[in-house]
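Each chain gets a letter, A, B and so on, in the order its sequence line appears, and its residues count up from 1. As the structure is a computational prediction, the values presented were derived from the model and not from experiment.
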Amino acid sequence: MPELSAMQIFLLLLGAVFVNNFILAKFIGICPFIGVSKKVGPAIGMSLAVIFVMALSSIATWLIDHYILIPRDLTYLRTLVFIIVIAGLVQFVEMVILKTSPSLYKALGIFLPLITTNCQVLAMTVMNVREMPEKYAAMGYSFGLVPSVAHAVGIACGFSVALLIMAAIRERLELAPVPESLKGWPLAFLLSGQLSLAFMGFVGMMK
Amino acid sequence: MPEGAVKDLISAVIVMGGLGLFLGIGLALASKKFAVKIDPKIEAILGVLPGANCAGCGFVGCGSYAEAIAKGETPPNKCAPGGATTAEKIGEVMGIKVEATLPRVARVHCAGCISADRTKYKYSGIKDCVSAVLLSDGPMICKYGCVGMGSCVGSCIFGAMKAMPAAPPQIVLEKCVGCGACVAACPRKLIELIPKERHIIVRCASRDKGKDVKAVCVTGCITCMLCAKKKCKHEAIQIVGNIPVIDYTKCQECGECAKWCPQHVILDLRVSAGSEPLGAKPAEPAKSATPPAPSATPTPPAPPAPQQQAQPGG
């Protein structure tokens with residue numbers, strides 16, 4: 001089967017950012033979306049950490065899936081294997097960063113352990129080896145390592161976009177005269193609903 | 001059991017077990033290889049610090065302050081909430097002698113009335129002093145005094161500032177640790193940290209001349225110079241920028257300045273409780289020896305009623 005072209009990979013990435021936005025269209029990874037969106041600063045740190053971890057774990061899990069699980073017909077172990085691989089990998093990366101670059105550790109450090117067992121990372125890796133190859137096989141393409149990473153980065157960027165929009169709005173709302181009963185969480189939930197509605201408008205722009 | 005199932009089982013166990021073993025050993029080795037040495041002093045100092053993360057020391061929080069002390073970059077006596085005992089304990093950890101700083105508390109250099117009568121326009125923006133001051137020096141007619149939006153109250157994580165109706169915030173002495181968060185929060189720079197055991201405070205920050213102050217405030221300093229020139233026997237008061245500034249190293253707390261101040265700008269906290277607006281001040285000590293200076297004080301434009309009554313000679 002032919003590989004995906006560069007344009008197709010770009011569209012895949014763009015689609016993951018806007019059309020199939022993990023948070024606002026698929027509702028995966030809501031906890032950091034609500035939890036870390038109070039201020040823009042931490043939201044940027046979290047976004048960078050997610051992009052980093054997503055790209056890394058998509059490579060690791062794709063390799064393990066293709067060279068260990070598929071040849072031995074053990075694909076039913078994917079969830080289990082992926083969880084420990086991602087957790088181990090993130091722990092390892094955290095140690096390496098702490099040793100080699102304290103400044104990078106200060107920026108990402110506290111967010112890395114948070115993402116270790118985050119649902120979006122697992123969902124992304126499982127999608128990369130199960131749903132996406134099936135979808136592209138039907139169109140006559142193979143879904144290799146490069147599209148997997150592009151897809152993962154796209155999803156992470158989509159998460160970042162949603163998180164940053166949310167954080168910026170909530171930061172403004174801190175100073176706004178909001179009815180007492182709506183302050184804090186209720187308003188955050190209302191907001192995320194409206195953001196989701198807005199992003200639903202992208203559905204259908206891309207297959 | 002069919003042979004295929006056994007084979008599946010074994011390969012699953014091998015893959016999972018192998019992966020677990022590989023990751024476990026790998027992480028254990030990595031933690032040895034990439035171990036970062038942390039100064040044990042940091043932990044010890046962190047244990048001594050109060051952990052309030054108030055940032056009064058000038059660092060982000062207790063953690064970064066502890067790090068800086070351990071490296072010897074900063075003296076260990078900067079922790080306001082911890083005070084002398086904490087400084088002493090840190091000194092023990094570091095093996096150095098520490099000179100403790102005197103405990104200080106925040107004091108507001110304004111006693112002006114914050115009511116609609118004293119505004120020059122109706123402010124309906126964000127309830128925040130910094131924003132309010134950006135708009136043509138704030139809504140109050142005095143451009144030096146408290147704007148009363150409570151930015152300092154919001155900045156205090158110890159609950160030591162109490163927002164007052166129609167007056168600058170009151171400081172709850174028992175709760176104030178002197179971290180200085182409110183000092184930084186006030187756009188007018190009205191709050192100062194003053195040694196806790198000192199009782200003479202100045203409650204005006206207007207740089208204007210007496211006549212101009214009179215026009216906008218009933219409680220402002222009119223720069224009569226009585227305190228600095230005549231009443232202070234210890235040369236502790238100097239008039240800087242048309243307001244008295246007390247040198248607490250020279251002040252002997254005799255209370256003469258507060259007794260004679262015609263505007264009650266200088267206040268003796270042993271006589272009066274403090275941050276309440278001037279109208280509530282018990283006037284006995286002043287009344288007993290009413291100063292003759294501002295005897296024919298003209299009524300200032302539209303002052304709030306209770307303040308007018310307590311005005312000596314007014």
Side-chain angles (χ1 to χ4, degrees), chain A residues 39 41-42 45 56-57 60-61 63-107 109-110 112-113 116-117 125 171-178 180 183, chain B residues 2-39 42 53 59-61 63-64 67-68 71 122-135 149-151 153-155 185 187:
Chain A
K39 281 201 170 130
L56 220 57
S57 44
T61 51
L63 289 176
I64 283 178
D65 192 64
H66 273 246
Y67 293 106
I68 296 176
L69 298 186
I70 292 178
R72 281 168 188 72
D73 213 14
L74 289 171
T75 47
Y76 60 90
L77 281 178
R78 270 171 184 162
T79 315
L80 210 55
V81 169
F82 286 0
I83 286 181
I84 63 166
V85 166
I86 294 167
L89 185 74
V90 175
Q91 290 265 308
F92 177 72
V93 168
E94 198 191 342
M95 283 182 218
V96 174
I97 292 181
L98 181 61
K99 180 79 178 178
T100 52
S101 166
S103 56
L104 189 64
Y105 183 78
K106 270 203 174 138
I110 50 166
L112 286 177
T116 320
T117 49
T125 53
E171 215 175 69
R172 294 291 300 252
L173 280 178
E174 281 286 298
L175 296 168
V178 177
E180 200 63 41
K183 262 183 191 163
Chain B
E3 205 181 310
V6 174
K7 211 179 148 198
D8 274 359
L9 190 74
I10 290 173
S11 69
V13 167
I14 289 174
V15 167
M16 278 312 289
L19 208 61
L21 209 64
F22 170 74
L23 284 172
I25 293 175
L27 282 180
L29 288 178
S31 73
K32 276 259 169 8
K33 186 160 168 42
F34 294 104
V36 177
K37 275 188 197 136
I38 297 171
D39 195 342
I42 296 177
N53 289 319
F59 292 87
V60 183
S64 47
E67 239 170 81
K71 279 184 196 159
K122 189 173 178 293
Y123 177 78
S124 57
I126 301 167
K127 203 172 178 309
D128 176 80
C129 299
V130 181
S131 312
V133 163
L134 285 177
L135 255 184
M149 299 279 167
S151 284
V153 179
S155 76

Smallest separation among heavy atoms of [X] and [Y], with atom names:
X        : Y        : result
Met95(A) : Leu27(B) : CE-O, 3.8 Å
Lys33(B) : Lys99(A) : O-CE, 4.4 Å
Asp8(B)  : Leu74(A) : O-CD2, 4.3 Å

Closest-packed option against chain B by number of heavy-atom pairs under 4.5 Å, given Thr100(A), Val96(A), Ile68(A), Leu89(A): Val96(A)
Chain B interface, residue from Ile64(A), Leu77(A), Leu69(A) that has the most non-hydrogen pairs under 4.5 Å: Leu77(A)
Between atom [atom1] of [X] and atom [atom2] of [Y], what is the distance when rounded to the nearest 0.5 Å?
X         : Y         : atom1 : atom2 : value
Leu80(A)  : Met16(B)  : CG    : CE    : 3.5 Å
Ser31(B)  : Leu98(A)  : OG    : CG    : 11.5 Å
Leu175(A) : Ser131(B) : CG    : OG    : 6.5 Å

Neighbour count above 12 (heavy atom, 6.0 Å) for Asp39(B) CG: yes
Residue Tyr76(A) excluded, over 12 heavy atoms near OH under 6.0 Å: yes
Contacting moiety of Ile84(A), where chain B heavy atoms sit under 4.5 Å: both
